[in-house]
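Protein chains get the first letters and strands the later ones, always in sequence-line order, with residue 1 at the start of each. Quick note: numbers below take in every heavy atom, side chains included, and nothing from hydrogens, waters or symmetry partners.
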Amino acid sequence: MIDLNALRADPQRFRNAWQDRGESIDVDSLLALDAKVRESKVKTEGLRAEVNAASKAIGAVAKQGAAALEAAKAKARELGDQAKAVDAEREVLERQLTDKLLILPNVCLPAVPTGKDASANVVSATWGEKPQFAFTPKAHWDLAPALDIMDFDRAAKLSGSGFVALKGAGARLSRALISWFLDTHTLTNGYTEWAPPYLVSTQQMVGTGQLPKFRDQFYACRDDDLVLIPTAEVPITNLHAGEILEAETLPRKYTAHTPCFRREAGAAGVGTRGMTRVHQFDKVEVVWLTRPETSEADLMTLRGHAEWLLQQLGLHYRVLDLCTGDTGFGSARTFDLEVWAPGANAWLEVSSCSTFTDFQARRANLRFRDKGGKPQFVHTLNGSALALPRCLIALIETYQQADGSVTIPPVLRPYLGGLEKITK
RNA sequence: GGACAGGUGGCAGAGUGGUCGAAUGCGCGCGCUUGGAAAGCGCGUAACGGGGAAACUCGUUCGGGGGUUCGAAUCCCUCCCUGUCCGCCA
C-alpha cells in the first residue's frame with residue numbers, strides 16, 4: 001500500500017510514477033475521496049466527543065433526581081443515534097478508499113529504467129558464455145524422459161497438464177539442489193531457515209500484495225478460507241505481520257524451501273513446454289526485513305546471493321534490470337536472473353529479486369523501532385534463490401553429453417552420494 | 001470433532017458496568033548517585049488516526065465482528081486462536 005500522506009503531499013510524483021508503469025490512475029478522484037473520508041471523520045468524532053461528555057456528566061445529574069436523569073439519558077441517546085448515523089457513512093467511504101488503495105501498485109525507485117514493457121528491460125550483467133556443443137543439444141523435454149528422470153505423461157494422468165513427476169536421479173537432483181541452496185544460505189550467507197505452512201489465510205495474501213488484485217493466480221481451498229502459497233514470500237514475509245521488531249534485530253534474513261502453487265491462468269502456449277512453466281514447483285526463497293536506509297544496498301547483496309549459486313553451478317546467466325512497465329505490482333525495483341537453456345534455446349527466469357520498500361510492510365503492518373523511538377515500517381525484500389525446475393532444465397541441457405547422459409557439477413556431488421553422471 | 005479454561009500495553013500480569021488507556025513488575029529513555037559501571041533512587045514511556053505552527057487536543061483500539069446500555073476490558077451473541085482433557089489419526 002502506498003503512503004496516503006505522501007500522496008497528499010506530492011500527488012504529481014505519484015501521477016508520474018504510475019504513468020511510467022503504464023497505469024492510468026485517477027489521482028484526483030482518489031484525493032477527493034480521501035478528503036471526504038476525513039471530513040466525515042471529523043464530523044463523527046465531534047459527535048462522539050459530545051456523547052462521551054454527556055455520558056460522563058450523567059453521574060452528577062443522577063443526584064438531581066429521576067426526572068433530570070431521564071432527560072439527560074434521552075439527550076445522550078439522541079446524540080448517540082446521530083453519531084451512529086454519521087459513522088455509518090464514514091465507514092462506507094473509508095471502505096471505498098481502502099478498496100482503491102489496495103489495488104494501487106507501488107512506485108518504482110528513481111534508478112529503475114523507464115519503459116513500457118519487457119522490451120525496455122536492461123541487461124545489467126551477464127556471466128559466463130553460451131556452452132558450445134559438437135552435436136545438436138536436446139531440450140529437457142526430450143532428454144529427461146529418455147533418461148527416465150522426468151515423467152510428464154503420468155503427471156498429466158494424475159493432475160492434468162502443467163505438472164511433472166520427477167523420478168530417480170531427477171528427484172534426487174532436485175532434492176540435492178534444495179539442500180545445497182539452503183545450506184549455502186544458512187551456513188555462508190547468514191540466513192535463518194524456516195519451514196512454513198504451505199496453506200495460508202487470505203489475509204496473508206493481502207499483506208504481500210497478491211490480493212485483492214490477483215485472485216485468479218492461485219489455488220484456493222474455499223471451504224476453509226485457505227490458499228495454497230504461490231511462493232514462500234507469502235508466509236515468510238508475513239511471519240512478523242502486526243509486530244514491532246527491535247531495530248537491532250534487523251535485518252532479518254530468512255530462507256525457506258517450499259513448493260509453490262500457481263494456476264498460471266492465461267499463460268498457456270508460449271514458453272510452457274516441458275517443465276518450464278508448471279502449476280507446482282519447488283523454490284528456495286530468501287526474504288529480508290530491513291531498515292529503509294539500507295534496503296537498496298541490501299537488494300544488491302540479496303541478488304548476489306542468488307547469482308553466486310548460478311556461478312557455482314557453472315550456468316550461463318544474465319541479469320535484467322526490469323523497467324517501470326515490467327516491474328511487478330508491489331515491487332519498487334526488480335532484478336530478474338535468467339539462465340541460458342541451450343536445448344530449449346531460451347533464457348529462463350530462475351530468480352526475481354525485488355525490494356518492496358514499505359509497500360508490503362504497510363499492508364502487513366510490519367514495523368520496527370529504534371530504542372526509545374517511534375515505530376516505523378520496515379522494508380521487505382525477497383528473491384528466489386533459486387527456483388528449482390528451471391535450474392534443473394538448465395543443468396540438464398547445459399551438461400548433456402553426446403550419448404544423452406548428463407554430468408553433475410562438482411558442487412552438487414556431495415549431495416548426490418558422489419554421483420558424477422546421470423545415465424540411462 | 002466434543003468438554004472445560006483462557007486471549008489485556010514491547011514483554012509478563014492485575015483489573016466484573018462510569019473515577020480505566022488500564023495497577024504492578026520487567027524492559028526501554030532521561031536524571032541523581034559513582035572515578036567509571038552495577039545496584040539504588042526519582043521522573044518518563046502503548047498504537048493508530050483527525051485538528052493544530054506548536055503547546056496541545058479530540059477520536060478509536062483490551063483476539064475479530066455484532067449486540068445491550070446514557071456509558072463496556074468488564075454483560076450477551078458469534079467467529080477465530082491458545083492451553084488442558086476426551087475422541088480421531090500420519
A/Asp148: salt bridge (Lys or Arg N to Asp or Glu O under 4.0 Å) partners, not counting sequence neighbours: A/Lys167

Provide a list of protein-nucleic acid N or O atom pairs under 3.5 angstrom, restricted to nucleotides 74-81 of chain B.
none

Under-4.0 Å side-chain N/O to phosphate OP1/OP2 contact, A/Arg367 with B/G10: no

Between B/U60 and B/G6 - C1' atom distance, rounded Å: 26 Å

B/S/- contact track for nucleotides 51-68 of chain B, protein heavy atom under 4.0 Å: S------BSS--------

C1' atoms of B/C89 and B/G10, separation to the nearest Å: 40 Å

Whole-Å C1' distance, B/A72 and B/C77: 15 Å

Euclidean distance, atom CZ of residue A/Arg90 to atom P of B/G49 [Å, nearest integer]: 14 Å

Inter-nucleotide P distance (B/G31, B/A38), Å rounded: 13 Å

P atoms of B/C30 and B/A39, separation to the nearest Å: 15 Å

Provide a list of protein-nucleic acid N or O atom pairs under 3.5 angstrom, restricted to nucleotides 15-19 of chain B.
| unit_1 | atom_1 | unit_2 | atom_2 | d |
| --- | --- | --- | --- | --- |
| B/G18 | N2 | A/Ser55 | O | 2.8 |

Atom P, compared across B/U45 and B/C20: separation rounded to whole Å: 16 Å

Pairs touching residues 28-42 of chain A that satisfy salt bridge (Lys or Arg N to Asp or Glu O under 4.0 Å), sequence neighbours left out: A/Arg8-A/Asp34, A/Arg15-A/Asp28, A/Asp34-A/Arg38, A/Lys41-A/Glu94

Whole-angstrom distance between B/G27 and B/G87, as gauged at atom P: 45 Å

Residue pairs involving residues 319-333 of chain A (criterion salt bridge (Lys or Arg N to Asp or Glu O under 4.0 Å); sequence neighbours excluded): A/Asp321-A/Arg333

Euclidean distance for P, B/A55 against B/G63 (whole angstrom): 32 Å

Aromatic ring proximity, centroids under 6.0 angstrom, A/Phe261 and A/Tyr198: no

